[in-house]
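First up is the structure itself, then whatever we jot down about it.
Side chains included, hydrogens not; waters and symmetry mates left out as well; all remaining heavy atoms used.
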Amino acid sequence: MIIKEFLETREDGVNLYRHYSDKGVMLRQIETDILYGEPIDIEDAPFTYEETDELIESNGMHKPALAPDEISPEEFMTLVEEAL
């Protein structure tokens, strides 16, 4: 089952909600076909999700899946450090 849980209110007053599977599987955003471990959306976002059969790799931390054209925060920081 997909769980929707209040995460926090941003400084601008927008409420954020995280979604996750109680089975520990990836979620597919139906509108974009992108896979996520725990997507975070603003309140009233038009996105819907479905559970997949793909287990989230557990290394103690859940990291959201990246879109093919995205880089991880770690990769970004490496690029910034190299540029400096």
For residues Y49 and D41, is any side-chain donor paired with an opposing acceptor at under 3.5 Å?
yes
Hydrophobic cluster identity match, Y36 and F47, side-chain contacts under 4.5 Å
yes
Test item: E31 side-chain N/O and T48 main-chain N/O as donor-acceptor pair under 3.5 Å
yes
Can you establish whether the number of heavy atoms outside D22 located under 6.0 Å from its atom CG is more than 12?
yes
Output the distance between atom CG (L7) and atom CD (E43), rounded to the nearest 0.5 Å.
12.5 Å
Heavy-atom check, side chain of R28 versus side chain of L35, under 4.5 Å
yes
Rounded to the nearest 0.5 Å, what separates atom CG in L27 from atom CD in E51?
6.5 Å
Give a yes or no on whether Y20 and M1 share a hydrophobic cluster (residues Ile, Leu, Val, Met, Phe, Trp, Tyr; joining criterion: side-chain heavy atoms under 4.5 Å apart).
yes
Side chain to side chain contact (heavy atoms under 4.5 Å, CB included) partner of M26, the single match among L55, T52, D53:
T52
Hey, what do you get for CD1 (I42) to OH (Y17), rounding to the nearest 0.5 Å?
11.5 Å
Between the NZ atom in K4 and the CZ atom in R18, the distance rounded to the nearest 0.5 Å is 13.5 Å
Between I30 and V25, is there a shared hydrophobic cluster once you connect ILVMFWY residues whose side-chain heavy atoms come closer than 4.5 Å?
no
